[in-house]
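Order of the sequence lines sets the chain letters (A, B, ...), proteins ahead of strands, with each chain counted from 1.
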Amino acid sequence: MKQSILQIVLDTPLDSSFDYRWQASDDNEPLPRVGQLVQLSFGRREVVGMIVSLSDESDVPAEKLKNVQAVRHQLPPLSAQWLALCRFAADYYQRPLGEVALPGLPKNLRALKPVALDRALKKLAQPGAVHDATPIDVAQLNPAQQQAADAIAGATGFAPTLLYGVTGSGKTEVYLQAAAQILAHGENGADNLSQILILVPEINLTPQLEGNIRARFPGVTVATLHSGLAEGERLRHWLAAHLGQARIILGTRLAVLASLPHLKLIVIDEEHDPSYKQQEGLRYSARDLAVWRAHQLSIPIVLGSATPSLETWHHAQSGRYKKLELRERAVKDAVLPKVRRIDMERDKPSEGLTSSLVSALKLRLERGEQSLLFLNRRGYAPVIACDACGWVSNCTRCTSFMVLHKPEHRLRCHHCSLELRIPKSCPTCGNIDLQPLGRGTQRLEEGLKAMFPEARVLRIDADSTRRKGSAQAAFDSVHNGEVDILIGTQMVAKGHDFKNLTLVGILNPDTALFSHDYRASERLFAQLMQVAGRAGRAAQKEGGSPSEVLIQTRYPQHPLYAAVIAHDYDHFATSLLEEREQACLPPYIYQALLRAEAKELETAIEFLQQAAHCIEHEGITMHDPIPMTMTRVANVDRAQLLIECPSRPGLQAFLTDWMAQLRQIKTRAKWSLEVDPVDI
DNA sequence: AGCACGCCGACT
DNA sequence: GTCGGCGTGCTC
């Protein structure tokens, strides 16, 4: 009877593996292998874990060792390379390996009753049967696109490439052409298989990309991986990837941790997009992990963007990444929209709209063209106030205002979801004249309807699209020409091409200019370019004028707007990078953030103070613990401690030691560490 | 994190 | 007398 010790990781915050004994149930049972799932009893419950190593002996006293209950032989084991990726992520982000490796697996695989994998597998194994292929015209690439695709597909070894090109310059066709070459190469190659991972910020916003891929590669199995999949679907798609049947895997950030045994190319579309950063649990950057993965496998990776992140820009400048640029719009005769600033000090707005913008809207209405007004603030007004005594609608549970939602007759806190009826009079002095201050999308909608009673106005924001499917219906009605003026928050900034849209008005961008967050201007630029890109994507009409983007601002002289007008990200990004270098900010320094939260702010701060003093920290800049800008959310007070180090390995080594110390501190505060934080 | 044990307060 | 509050301790 053969015996051995299995080291198992589990989805628990405990930072260690657990030894279990294994005994063959009969002579025919194969030996367990690293990367296989096992069912076992852990404490008083039954869970599924993963084998990370095999051994003949264990340091754990024999009486504590339990036997594993069953090894799941049905599933081919996860590869050593995949485990190495998880191990890297676990070490880098200071999390237990089990918390990285297990939660990403389909729930069905981790369930206590094993799924009948044989039937699942058979269904997937029929090549080409999964989806119809509707033939499309393969777009003719322009020389720059063709060159870029050839360079990407022809690269050998680890070859990170920034594909830099404005909205509409045809980055997608470059990805697909490169993918086609690599897939074709795989057909003739020795191992006869290639997989391509394409990451996108949000799959629901890019349905046309999925359609394009399926149409472009008829007969190729395409798997999609994102949080919107039902469990059954998730299992099918994950397995198709794991078993190598899916050749193209299209997914959101979580797909970067998928098992892809034949991965030959990674594409990250809109690489600057903030949604590549997971903001809870394991706070990883899918972009950074993807680059690591490409390096590990010695394969090319493409990062595409019109407004690359400064990290990526920095790598492109230094030559670590190759920069390929697409200068022209791919659609023939399409031109970049003309961007203008409207000085709000000279042209005073009424109902939030300057006369210049009103005239531009009128012109579009006369021509039967569509307009988009971008206002990144939902609700009617961000706060209501009493003129008589100075009362304002503070949230009782958060350090924030209750937002007036007029159609819903409610005050709402956008941080804790507390809802109240709108008070009829001031709660402190009884004054019945409470004033809404500021303007959100609902108030803008109201004003526009009064101003243009004949126009069809549609508001698209998180409130107007709460019901499932209503967002799609709203976008459809815009595409079908049933809307003259579209009002939207950042929801409308991405993904959608509106063919008849020739005016974009940007209403309240200035707040980001003076934000304490040093990344705010980088993000604002990206967002403005993205919104501006909604206009004029189709070829300019015969005799028509180019699309226009009007930015209402109190700071028309600000260099950010000058750069947007010139469509000049190069200089803007380069000057931002210089500022970062002067100020010793990322990417010239590496950061980690220790957060703590508790019922009392004191508790959180005290923990952070202990944390700051519990260890020697030579070479590390340890800042003072401070309450977070939004200190209280849902009756919990939050504070944070920033640490910095000029060397990444230096920071990593410190964090490992520090975490061990932190775990010893007795506190009632809940705390977590974030490496490479983006929202500080 | 779960889950159990354990020791004090207000309910049928 | 018991239900349940959350402090503490453990999981191979």
Side-chain angles (χ1 to χ4, degrees), chain A residues 1-25 31-72 77 83 86-87 89-91 93-107 109-113 227 254 257 278-284 594-600 602-604 606-607 610-611 634-638 659-675:
Chain A
M1 204 45 83
K2 186 142 183 93
Q3 282 210 0
S4 45
I5 301 294
L6 312 181
Q7 292 187 317
I8 312 280
V9 292
L10 303 163
D11 181 12
T12 113
L14 299 168
D15 190 27
S16 68
S17 59
F18 295 87
D19 291 359
Y20 280 78
R21 221 181 291 116
W22 173 81
Q23 278 176 281
S25 52
L31 293 175
R33 295 163 67 187
V34 167
Q36 276 178 321
L37 296 177
V38 287
Q39 187 168 329
L40 45 80
S41 116
F42 180 63
R44 247 149 282 226
R45 59 209 166 104
E46 286 194 10
V47 292
V48 170
M50 184 179 289
I51 305 173
V52 293
S53 65
L54 306 166
S55 170
D56 291 334
E57 49 196 342
S58 169
D59 295 338
V60 177
E63 68 274 14
K64 287 184 107 179
L65 285 178
K66 293 180 183 172
N67 282 354
V68 295
Q69 292 166 340
V71 179
R72 299 270 172 89
L83 262 175
C86 293
R87 193 165 272 129
D91 291 346
Y93 293 109
Q94 303 292 331
R95 287 285 187 146
L97 176 55
E99 272 196 347
V100 180
L102 289 160
L105 304 180
K107 281 212 176 65
L109 293 179
R110 292 188 293 138
L112 291 180
K113 58 158 190 48
S227 58
L254 57 86
L257 289 170
Q278 167 81 34
Q279 289 292 31
E280 54 196 26
L282 175 75
R283 292 174 167 247
Y284 63 93
L594 183 62
R595 296 176 212 268
E597 57 175 54
K599 285 265 178 282
E600 302 294 332
E602 241 340 271
T603 312
E606 237 165 58
F607 165 76
Q610 283 185 62
N635 281 332
V636 176
D637 282 343
R638 299 126 24 106
M659 282 294 280
Q661 296 298 315
L662 295 182
R663 282 189 268 264
Q664 307 298 315
I665 298 177
K666 262 192 64 154
T667 175
R668 293 171 63 180
K670 267 174 67 177
W671 58 270
S672 63
L673 181 75
E674 177 167 9
V675 181

**Asked** Do any side-chain nitrogens or oxygens of A/K666 fall under 4.0 Å of OP1 or OP2 in C/dT8?
**Response**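 True: A/K666 side-chain N/O within range (under 4.0 Å) of C/dT8 OP1/OP2.
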Provide, to the nearest angstrom, the distance between the [atom1] atom belonging to [X] and the [atom2] atom belonging to [N].
X      : N      : atom1 : atom2 : answer
A/F18  : C/dC12 : CZ    : C1'   : 7 Å
A/E46  : C/dT11 : CD    : P     : 18 Å
A/L97  : C/dC12 : CG    : P     : 18 Å
A/K599 : C/dG7  : NZ    : P     : 11 Å
A/N67  : C/dC12 : CG    : P     : 12 Å
A/K64  : C/dT11 : NZ    : P     : 4 Å
A/L10  : C/dC12 : CG    : P     : 9 Å
A/Q39  : C/dC12 : CD    : C1'   : 17 Å

**Request:** Classify the nucleic acid contact of A/F42 as base, sugar-phosphate or nothing, counting any heavy atom under 4.0 Å across all strands shown.
**Result:**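 Base, at least one base atom sits under 4.0 Å.
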**Prompt:** NA contact type, A/L14, heavy-atom cut-off 4.0 Å: base, sugar-phosphate, or nothing?
**Reply:** base
**Asked** Nearest heavy-atom pair of A/V48 and A/R110: which atoms, and what distance?
**Response**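 Heavy atoms of A/V48 and A/R110 come nearest at CG2-O, 3.3 Å.
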Every protein N/O within reach of nucleotides 2-8 of chain B N/O, cut-off under 3.5 Å:
none

Backbone of [Y] reached by a side-chain donor or acceptor of [X] within 3.5 Å:
X      : Y      : value
A/Y20  : A/I51  : no
A/R668 : A/E600 : no
A/Q36  : A/R33  : yes
A/R638 : A/A604 : no

**Request:** Name all residues meeting the salt bridge (Lys or Arg N to Asp or Glu O under 4.0 Å) criterion together with A/D15; count only those two or more places apart in sequence or in a different chain, and write none if there are none.
**Result:**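 Residues passing salt bridge (Lys or Arg N to Asp or Glu O under 4.0 Å) with A/D15: A/R663.
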**Request:** For the pair A/W671 and A/F607, name the ring-plane relationship: parallel under 30°, tilted 30 to 60°, perpendicular over 60°.
**Result:** parallel
**Request:** When you get a sec, tell me which of C/dG7, B/dA1, C/dC12 is the closest nucleotide to the side chain of A/R668?
**Result:** C/dG7
